[in-house]
Protein chains: 2
Amino acid sequence: MDLNIEKAANALSDRHRLTILQEVARNCNVACGDFERLTGLSQPAVSHHVKILVDAGLLSSDKNGRHVQLSVNKVMMRHLSNFFQQFS
Amino acid sequence: MDLNIEKAANALSDRHRLTILQEVARNCNVACGDFERLTGLSQPAVSHHVKILVDAGLLSSDKNGRHVQLSVNKVMMRHLSNFFQQFS
DNA sequence: TCTATTTATCGAAATATTTCGATTTGTAAA
DNA sequence: TTTACAAATCGAAATATTTCGATAAATAGA
């Protein structure tokens with residue numbers, strides 16, 4: 001898990017992805033399907049956005065049967081917090 | 001200065017803008033012209049990227065004669081640091 | 001005022017992102 | 001094995017971003 005600020009920032013630069021991240025943080029028992037209701041997007045679009053968040057290292061993805069179990073990558077969040085702290 | 005994560009993240013989602021931010025943090029006596037050498041971009045492209053960083057609240061801009069004096073917005077950086085800390 | 005310098009804006013081309021419907025893949029349960 | 005469901009991939013259209021050269025605006029100094 002390398003800290004790629006550009007990639008992480010890009011992942012967070014979309015309102016739907018921010019919504020998804022915050023929902024995963026709030027409720028660790030969400031599945032991708034829940035994001036369709038939450039964002040109003042189609043299933044393929046949700047899949048696309050979840051992939052970007054996972055690829056950027058912000059979310060971790062564990063396949064659990066037909067569902068995907070998502071969780072916030074806390075190590076990455078701490079790295080990002082530290083990155084911004086260095087400027088403040 | 002409102003904390004718009006989506007906008008701030010978007011501003012940081014480009015390698016040239018990250019370079020510019022880090023150069024301003026390193027040396028508070030840079031002018032926009034210096035970024036042309038640093039990034040290899042044209043002057044209009046640099047102007048465009050600086051504007052995005054300023055509009056997102058990451059950099060502050062003070063006009064000083066013909067030059068623009070840029071500085072890192074430390075309050076915004078602290079807000080961003082806190083935003084990520086809440087997840088970690 | 002005239003000239004040089006720094007930054008901003010305009011217009012357009014190239015590239016990237018977002019989105020959907022259709023389809024495929026993978027898995028659980030009947 | 002067949003069916004049903006969750007998620008991923010494909011292909012294409014719409015939209016947004018990045019970039020440049022040309023030009024304009026603003027200002028300092030001769």
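Letters go in sequence order (proteins before strands), and every chain restarts at 1.
- Atom-to-atom, NE2 of A/His49 to C1' of C/dA16 comes out at 14 Å; the value is rounded to the nearest Å.
- Rounded to whole Å, atom P of D/dT15 lies 16 Å from atom CG of A/Asp14.
- Between B/Val46 and B/Leu38, the closest side-chain pair of non-hydrogen atoms is not below 4.5 Å.
- Following rounding to the nearest Å, A/Lys7 (NZ) and C/dA16 (C1') show an atom-to-atom distance of 16 Å.
- Here side chain to side chain donor-acceptor pair (under 3.5 Å) pairs that include residues 27-37 of chain B, with residues two or more places apart or in two chains, are B/Asp34-B/Arg37.
- To the nearest angstrom, P of D/dA7 lies 14 Å from CG of A/Leu59.
- Summarising the geometry, the separation between CZ on B/Arg15 and P on D/dT18 is reported as 12 Å, rounded to the nearest angstrom.
- A donor-acceptor contact under 3.5 Å is not formed by the side chain of A/Gln43 with the base of D/dA6.
- Proximity of A/His16 to the phosphate of C/dT19: a side-chain N or O atom is located under 4.0 Å from OP1 or OP2.
- In this structure, A/Phe35 atom CZ and C/dC20 atom C1' are separated by 20 Å, rounded to whole Å.
- Within the 4.0 angstrom heavy-atom criterion, only backbone atoms of the sugar-phosphate kind lie near A/Arg17; the bases stay farther away.
- By the 4.5 Å heavy-atom criterion applied to side chains, B/Leu80 and A/Phe87 are not counted as neighbours.
- Looking at DNA chain D, the stems built from 3 or more consecutive Watson-Crick or G-U wobble pairs, each pair with its key distances under 3.5 Å, are C:1-30 with D:1-30.
- Nearest to the side-chain atoms of A/Arg66 among the listed nucleotides D/dT18, D/dA7, C/dA28 stands C/dA28.
- Taking atom CG of B/Leu70 as the reference point, atom C1' of C/dA8 lies 14 Å away to the nearest angstrom.
- At a threshold of 4.0 angstrom between heavy atoms, the contacts of A/His48 include nucleobase atoms, whether or not backbone atoms are also involved.
- At least one donor-acceptor pair under 3.5 Å links the side chain of B/Thr19 to the backbone N or O of B/Arg15.
- Taking atom CD1 on A/Ile52 and atom P on D/dA8, their separation rounds to 13 Å, with Å as the unit.
- The residue among A/Leu41 and A/Asn64 whose nearest nucleotide of DNA chain C is located toward the 5' end is A/Leu41.
- Side-chain atoms of B/Gln69 come within 3.5 Å of backbone N or O of B/Cys28 as a donor-acceptor pair.
- A donor-acceptor contact shorter than 3.5 Å is absent between the side chain of B/Ser47 and the backbone of B/Pro44.
- Distances shorter than 4.0 Å separate none of the side-chain N or O atoms of A/His67 from OP1 or OP2 on C/dA28.
- With respect to B/Arg17, the side chain to side chain donor-acceptor pair (under 3.5 Å) criterion is satisfied by exactly one of B/His49, B/His48, B/Gln22: B/His49.
- Residue B/Pro44 places its side chain closer to D/dC20 than to any other of D/dC20, C/dT19, D/dT27.
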